[in-house]
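Report on the structure given below.
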Amino acid sequence: MMTASLCLGALAAPANESQDDFRYTDEKFADIQMLRYCVKGFDQLTLRQKTFVYYLQEASLAGRDILFDQNGRYNLRIRKMLETVYTTYKGDRNSAFFAGVTEYLKRVWFSSGIHHHYGCEKFQPTFTAEQLREALQQVDASQLPLAEGQTLQSFCDELFPVIFDPAVMAMRVNQRDGDDLVLTSASNYYAPGITQKEAEQFYLSRKAPADPTPIMMGMNSRLERNEFGRLTERVWRVGGMYSPALERIVDNLLKARDYADSPEQQRVIDLLVEVYRTGDLRTFDDYTIHWLRDTQSLVDFTCYFTESYGDPLGMKASWEAIVNFKDIEATKRTEKLSSNAQWFEDHSPVDSKFKKEKVKGVSAKVITAAILAGDLYPSTAIGINLPNSDWVRRDFGSKSVTIGNLTEAYSKAARGTGFDKEFVIDEPTRKLMEQFGDLCDDLHTDLHECLGHGSGKLLPGTDPDTLKAYGSTIEEARADLFGLYYLADPKLVELGLTPNAEAYKSQYYSYMLNGLLTQLVRIKPGQQIEEAHMRNRALIARWVYEQGKKDKVVELVKRKNKTYVKVNDYAALRTLFGKLLAEIQRIKSEGDYEAARSLVETYAVKVDPVLHKELLERYARLNVAPYKGFINPVYQAVKNDKGEIIDVKLDYTEAYDAQMLRYSRDYATLPWVNE
Ligand code: ZN
């Protein structure tokens, strides 16, 4: 499960101008801002570790084509066609047509397909079918992805409706209640013509009754119909579907294996290779458990079919990879928290009957991303918590990571956007946020992840699913409140985590600003708050605002027709956070559905249209792109004349289009037509 970037850059607190000349931001197009991340500490790795990272990032990049095909069965062909126009078009490259194709291609690269990476809706090109047809006659025909014996005419007839007709493959993932979600989703996890009912029946009939350790059925295959009309799985394994990509991944995993940290980590790689070769999901569980147990290796990675958001039935997993190494300094921070977990549990404002007598060891670390690939590239998560298998989590726990160099890149990119000038009430508050904003942001995330989610307990007999649709909002609120409450605690100063008794105020201010006002800029006019994390923030901010109203703890003030958040009493604000934490924990522990529903519906859903309009207008004037993604660094292996790697160098200068074209050239593994 991934924690998406919640701050979207501009919502993060600004920080001091730094002196380093690393360029965090890169080009903008459509609704996207490209960023770069710095692989800090790579130079301090040993040659062995660097070589390990090198082969793992090669394995990661080798899977690129898979996600394009998973996201839609025409994506690889459309990508190749557009790249051919982009690189060999002989017409006017300054025309509106060419600019339109360029933007469209950049979006296809970004989304690994023709649908928006977040909203899932199909892109509408700004050029016409006629213009594209004409352009295709003026490009290097040998580079067009025509099928065997196909004419350009029939190629256009086949692909143009997919690009230009808004009704064809309109949504990558359709979740609309009442529709046949499989038939109406354009993602490529089910062969055309298979209905939702058929797919559900297929998996229902295979489900072993009351298996306490069920495999993640269906996660690594495409569901198809055989020649007799019966449904059958085509498994993603060496020798099966996506074989050329998977073979290359395996090759590089095996090269990496020689440089692994320990025999335990080699065992992890051996099991993963076996999964790639057999597609066996029991072996996948074994691999996962070994991966969980390996907490000692400095370099770690995931590189398999992982996230199920792209399948409307939530079963089939998209391919993704991340290679990373532990940020030892920053992990000391999370270790200080987890080694004091019992103290935090004992001192929380929660009723003692809802507290854990014994808090289990929490494994959380801060990591530095070295490469992002598949469903984590270019748009990425800032925190990851795996595995997804419920019983493996129950019996073996999970690995929870915060990706430190990505959060840093987001907050650096938020500087200079004018966001703080527009929305933060006064200079002293801005100063406070500049000084302590980044630090307290990270600390709040750590408290949320390491301690918040793990705290408290259910009363005996409480079904964990009783809160139903309100469950995730309540759970996120619980973790956030735990963090907010403790951020102001003298214990944090004592542990050396905050520098003084004032620093927490920066997070209190930005949390209230975001929850009461600025997060609304992510919602379209007329819509309500839907997403669980956004609901949780609105719930907390609006509840404490209402409860503290008579004492003016927090106010909304107007200056020159603009609304600002004014915090008058930070200590009282902390008391209110504690009070709400106690109530939310009670709701969770007792499974009080009615109270959960009432809190969420009262505080977390509605949007004031007048205030919303004002915020959208103020935000639009800042001209900030709402979505961000990352350009990867380039890894260059320096070899001696025996072909051995003697050093690995990093380069951060590659442009977005150059990177994408290079990947398309050097890591093209799958045929255009992959049926
Ligand atoms: Zn959370």
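When a ligand or atom number is given, it counts from 1 through the structure's own listing order.
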Steps toward salt bridge (charged side-chain N to carboxylate O under 4.0 Å, His left out) verdict (D300, K399): CA-CA 11 Å; D300 198 359; K399 272 189 192 172; 2.8 Å; yes
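A salt bridge links K353 with D351: the distance from a Lys NZ or Arg NE/NH1/NH2 to an Asp or Glu carboxylate oxygen falls below 4.0 Å.
Among the atoms of E476, an N, O or S atom falls under 2.8 Å of the Zn ion (ligand 1). Taking backbone and side chain together, H533 holds no N, O or S atom under 2.8 Å from the Zn ion (ligand 1).
Among the heteroatoms counted here (N, O or S) of H448, NE2 is the one nearest to the Zn ion (ligand 1).
Residues satisfying the ring pair (Phe, Tyr, Trp, His ring centres under 6.0 Å) criterion with Y485, sequence neighbours excluded, are absent altogether. Every residue two or more places apart in sequence or in another chain was checked for a ring pair (Phe, Tyr, Trp, His ring centres under 6.0 Å) with W391, and none qualifies.
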